[in-house]
Amino acid sequence: MAKVLTPKEEDYSQWYNDLVLKADLAENSSVRGCMVIKPYGYAIWEKIQQTLDRMFKETGHVNAYFPLFIPKSFLSKEASHVEGFAKECAVITHYRLKNSSDGKGVIVDPEAKLEEELIVRPTSETIIWNTYKNWIQSYRDLPLLINQWANVVRWEMRTRLFLRTAEFLWQEGHTAHATKEEAMEEALKMIDVYKTFAENTLAIPVIQGRKTENERFAGALETYTIEAMMQDGKALQSGTSHFLGQNFAKAFDVKFLNSKGELEYVWATSWGVSTRLIGAVIMTHSDNHGLVLPPQIAPLQVIIIPIYKSETERQQVLDYGKDILHELKHHGISVKFDDRDTHKPGWKFAEYELKGVPIRVAIGPKDIENKQVEIARRDTLDKFYVSRDTLIEQIKSLLNEIQQNIFKKALNFRNNNTYEITHIDELKSNIENGGFFVAYWEGTKEDEKLLNEQTKATIRCILPEESSSTGKCIISGKETKKRVIIAKAY
RNA sequence: CGGGGUGUAGCGCAGUUGGUUAGCGCGCCACGUUCGGGACGUGGAAGUCGGUGGUUCGAGUCCACUCACCCCGACCA
């Protein structure tokens, strides 16, 4: 008996916390609100990065890197942008320390005060648009399609591993376009990329929509979002793409000469996903035994565990297993053979279940004799024997099947916890149990605030209009085509 | 930033009205028996009791201050 998780049913957030720590994904650091991402957790992030990076490049984007620090004056150039971020900025005021007079340490040297304070980027629109000003003169310089992989800092009051940390890793795309239509198309294209990635790679079903004015990104004219439902019925905003209009171009005076020789302001988008996605993966698929990882981002897809008694058996099992190891590697499968003699098989079974390895292959003397192996799949915990001859093919298709299965499971869960409502009372009486509530909405900003105060829920997104059918807004009673998802959110 | 709570070995905790050498479980190390679902035995290492100051013959224990972390709210990806 070693690592026991708090059961989900008992305390969901405790379960989440236990899991992150015990699966060795991350831990709290001695810096308030900042986490240490441990090798296993970082390996998942690397998988996420690799896939997304490829998708960004396939859609014509390139990577670059901009400074961590932003002069304070830059941030205030776009009024609503600074308003949104001002309350959570880390500020650098000095550039030097000196020995304290009591000799016990160092103090900030008051002589070394910066002329202008620097802000640790909470997001990079301002520093990037200040740079784009120098890069863009003519329509021939457009579009500019740039992404950066970086860390950002937002001084959050309350933090939770992966879901909300003061420093987090993300990617932020910042694009510049000659026309409104092209920028809008880009913003929509990227939210599509995120949706595809979430569903195909992370196996997380998401609802795509746009944010209400209240929930929009600071400085955006339109924010598109993908919203996922966690196992406790709460929503997690998993990626956003913003149509920024000409706000930043105007704030930073970025103009280009069009083919007719006229000066115009540039149109912009920005879009990002963060290490929060790891939290989304955990809270979508995992169970009381530990992590359940989608094969596509599992750092380890297959674990091989030997079972033996005597030294001769050990040699035989090792030979048999090494063979399988090399063959799987040859087929591009990420696999490890845990031949450590310091832990017993049962211990290893539990350990790799905790870590969410999709497929476990166990081999003992019995299996060598029968030319087979025992396979256990992490998603269903089913165990069965597979002939050695067809093993490789079966593992390949099983990885695929697991990927599909956990997606379907998550989709069913979401469908079963999504409710169409026609009156706000239905929301009030059911919101405590979580879930997505679909309602017609034609309310004002104030109505939205009222909704939040009364139910603790928020409008997660406005759904795309699929048909021309209409209904009555649950607050104002106005007839409308607009439908929204309401839910409690992380 | 308001309300509540906790700081004792790597982790989880116990420690009586102040009284010698501060314990327990897990983990760790060594050896042996084990090995198809988190093994067992024997021995061992590991602690400035969050910090500072005070009361006292004597403080993990009492007092003051302070720091850190956790939970609940307001804020947020």
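By convention in this document, chain letters (A, B, ...) are assigned in the order of the sequence lines, proteins followed by strands, and residues within each chain are numbered from 1.
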Under 4.0 Å between any heavy atoms, over every strand shown, what does [X] touch: base, sugar-phosphate, or nothing? Just pick one.
{"X": "A:Arg360", "value": "base"}
{"X": "A:Tyr490", "value": "nothing"}
{"X": "A:Thr165", "value": "base"}
{"X": "A:Leu163", "value": "base"}

Spacing between A:Lys22 atom NZ and B:C11 atom C1', to the nearest angstrom
9 Å
Nearest-neighbour nucleotide for the [X] side chain, [options] considered:
{"X": "A:Lys309", "options": "B:C35, B:G36, B:C71", "value": "B:C35"}
{"X": "A:Phe349", "options": "B:C75, B:C35, B:G37", "value": "B:G37"}
{"X": "A:Lys344", "options": "B:C35, B:C71, B:G37", "value": "B:C35"}
{"X": "A:Asn17", "options": "B:G37, B:C71, B:G36", "value": "B:C71"}
{"X": "A:Glu156", "options": "B:G36, B:C71, B:C75", "value": "B:C75"}
{"X": "A:Lys456", "options": "B:G37, B:C35, B:A74", "value": "B:A74"}

Distance-only donor-acceptor test (3.5 Å): side chain A:Lys348, base B:G36
no
Given A:Phe217, which of A:Trp271, A:Phe85, A:Phe248, A:Phe243 fulfils the ring-ring contact (aromatic ring centres under 6.0 Å, His included) condition?
A:Phe85
Can you work out whether A:Val373 or A:Gly84 has the more 5'-proximal nearest nucleotide on RNA chain B?
A:Val373
B:G73 phosphate, OP1 or OP2: any side-chain N/O from A:Arg158 under 4.0 angstrom?
yes
For the rings on A:Phe349 and A:Trp347, is their centre-to-centre separation under 6.0 Å?
no
Is A:Arg378 salt-bridged to A:Asp287, cutoff N-O under 4.0 Å?
yes
Under a 4.0 Å N-O cut-off, is there an ion pair linking A:Lys195 with A:Glu199?
yes
